[in-house]
Structure formats: structure tokens, C-alpha cells
Amino acid sequence: QVHLVESGGGLVQAGGSLRLSCTASGRTSGTFAMGWYRQVPGKERDFVAAITWNKGSTIYTDSVKGRFTISRDNAKNTVWLQMNSLEPDDTAVYFCGLALTPLNLRVTTGYNYWGQGTQVTVSS
């Protein structure tokens with residue numbers, strides 16, 4: 001089993017920055033990638049960014065390119081999401097996911113484990 005814990009959410013004004021972190025514990029040796037998703041009430045969980053564990057290759061959804069940066073520290077089993085130039089539309093609960101196999105990282109079914117989520121609120 002793998003346990004994921006996110007932190008770093010909060011309330012920020014438009015244009016501000018936040019840094020989310022997600023630390024994995026348990027049987028993490030088979031990690032292929034980790035990713036960030038976000039969800040607003042009544043909507044599906046949407047892909048934000050992902051990073052592969054060995055090569056550090058990254059992918060982003062178009063709406064966050066140039067504003068968000070995903071990074072990882074393999075030794076700490078931690079992935080971060082640096083969010084700059086935040087906009088009110090970025091308001092959501094942000095979830096961290098861990099993928100064990102190289103499936104499609106842009107869909108939720110590509111992940112085996114999820115964290116509990118952290119709230120990000122951007123005021124206008």
C-alpha cells in the first residue's frame with residue numbers, strides 16, 4: 001500500500017503564488033509517475049500536471065503552462081507543484097496521485113493511489 005499526504009493549500013489573492021507538496025510513504029519503490037489533479041464541486045477531477053519518477057519528464061494541461069511547475073525529489077518521495085500567477089479559476093481541491101504503470105497520466109484511471117486533497121482558493 002501507498003499513502004499520500006498533500007499540504008500547502010490556502011487562500012491567496014489573484015496573481016499570487018502557492019507551493020503544494022505531496023509525500024508518499026509505504027511501498028513506493030515501483031512508482032512510475034506522480035501527478036496533480038484538481039476538482040471543483042459538481043465537476044470531474046481534472047488533470048493539472050505529472051512527472052515521471054525516473055527521467056523527470058513533465059506534462060501539463062494547457063491552462064497552467066508557463067504558470068505552474070511540477071518537480072520531484074526521489075529520495076524524499078515528494079512531488080511539488082509551484083503555482084504562480086494564480087487566477088480565480090485555479091480555485092479547487094488539489095489532489096496528488098501516484099501511478100505504478102506507464103498508462104495515460106492525463107486521466108484519473110492512470111493512477112493507483114490518491115491523497116486526501118488540499119484546498120486552494122484564489123480571490124479576485
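Only heavy atoms go into these numbers, but all of them, side chains included; no hydrogens, no water, no symmetry mates. Along the sequence shown, residues carry numbers from 1.
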Next on the checklist: Would you compute the distance between atom NZ of Lys65 and atom CZ of Arg67 and round it to the nearest 0.5 angstrom?
Outcome noted: 13.0 Å

Checklist entry - What heavy-atom pair brings Ala14 and Ser124 nearest, and what distance separates the two atoms? => result CB-CA, 4.4 Å

Next on the checklist: Can you confirm whether Leu98 sits close enough to Leu4 that some side-chain heavy atom of one is under 4.5 Å from a side-chain heavy atom of the other?
Outcome noted: yes

Checklist entry - Between CG of Asp90 and OG of Ser63, what distance do you get to the nearest 0.5 Å? => result 7.0 Å

Checklist entry - Rounded to the nearest 0.5 Å, how far apart are CH2 of Trp36 and OG1 of Thr61? => result 16.0 Å

Item to check | Full working for side chain to side chain donor-acceptor pair (under 3.5 Å) between Ser7 and Ser21 | outcome: CA-CA 5 Å; Ser7 62; Ser21 67; 2.8 Å; yes

Checklist entry - Which of these passes side chain to side chain contact (heavy atoms under 4.5 Å, CB included) with Ile51: Thr69, Leu81, Leu105, Val79? => result Val79

Checklist entry - Are Arg45 and Phe95 in a cation-pi setup, meaning NZ or CZ lies under 6.0 angstrom from the ring centre and within 45 degrees of the ring axis? => result yes

Checklist entry - Less than 4.5 Å apart, any side-chain heavy atom of Tyr111 and any of Tyr37? => result yes

Next on the checklist: Would a single hydrophobic cluster contain both Tyr60 and Tyr94, if residues Ile, Leu, Val, Met, Phe, Trp and Tyr are joined by side-chain heavy-atom contacts under 4.5 Å?
Outcome noted: yes

Item to check | Distance (rounded to the nearest 0.5 Å) between Ser123 OG and Gln13 CD | outcome: 5.0 Å

Item to check | Closest heavy-atom pair and its distance - Val2, Ala24 | outcome: CG1-CB, 4.3 Å

Next on the checklist: Is there a path of hydrophobic side-chain contacts, each under 4.5 Å between heavy atoms, that joins Trp114 and Phe47?
Outcome noted: yes

Checklist outcome for this item: Heavy-atom nearest pair, Leu100 first then Tyr113, reads CD1-CE1, 4.0 Å

Next on the checklist: Taking Ser57's backbone N and O only, do any of them form a donor-acceptor pair with Thr52's side chain (distance below 3.5 Å, no angle check)?
Outcome noted: yes

Next on the checklist: Could you check whether any side-chain heavy atom of Glu44 comes within less than 4.5 Å of a side-chain heavy atom of Thr108, counting everything from C-beta outward?
Outcome noted: no

Checklist entry - What is the minimum heavy-atom distance between Leu20 and Met83, and which atoms define it? => result CG-CE, 3.7 Å

Checklist entry - Ile70, Trp80: one ILVMFWY side-chain cluster at the under-4.5 Å cut-off? => result no

Next on the checklist: Determine whether a donor-acceptor pair (N or O, by modelled atom type, separation under 3.5 Å) exists between the side chain of Glu6 and the backbone of Gly117.
Outcome noted: yes

Next on the checklist: To check you understand the geometry: which heavy-atom pair defines the closest contact between Gln39 and Lys43, and what is its length?
Outcome noted: NE2-O, 3.0 Å

Checklist entry - What is the distance from atom CG of Asn77 to atom CH2 of Trp53, rounded to the nearest 0.5 Å? => result 6.0 Å

Checklist entry - Under the 3.5 angstrom rule, does the side chain of Arg72 hit a backbone N or O of Asn54 as a donor-acceptor pair? => result yes

Next on the checklist: In the structure I gave you, are the side-chain heavy atoms of Ile59 and Arg106 within less than 4.5 Å of one another anywhere?
Outcome noted: yes

Item to check | Pairs involving residues 11-103, ordered by first then second residue, that meet disulfide (SG to SG under 2.5 Å) (sequence neighbours left out) | outcome: Cys22-Cys96

Checklist entry - Do Val120 and Leu18 come close enough that some side-chain heavy atom pair is under 4.5 Å? => result yes

Item to check | Smallest separation among heavy atoms of Ala92 and Val40, with atom names | outcome: CB-CG1, 3.8 Å

Checklist entry - For the side chain of Thr121 and the backbone of Leu11, is there at least one donor-acceptor N/O pair under 3.5 Å apart? => result no

Next on the checklist: Between Thr31 (side chain only) and Thr28 (backbone N and O only), is there a donor and an acceptor less than 3.5 Å apart?
Outcome noted: yes

Next on the checklist: Set out, in order, the CA-CA distance, both residues' side-chain angles and the distance that settles side chain to side chain donor-acceptor pair (under 3.5 Å) for Asn84 and Ser17, then state yes or no.
Outcome noted: CA-CA 4 Å; Asn84 299 328; Ser17 299; 2.9 Å; yes

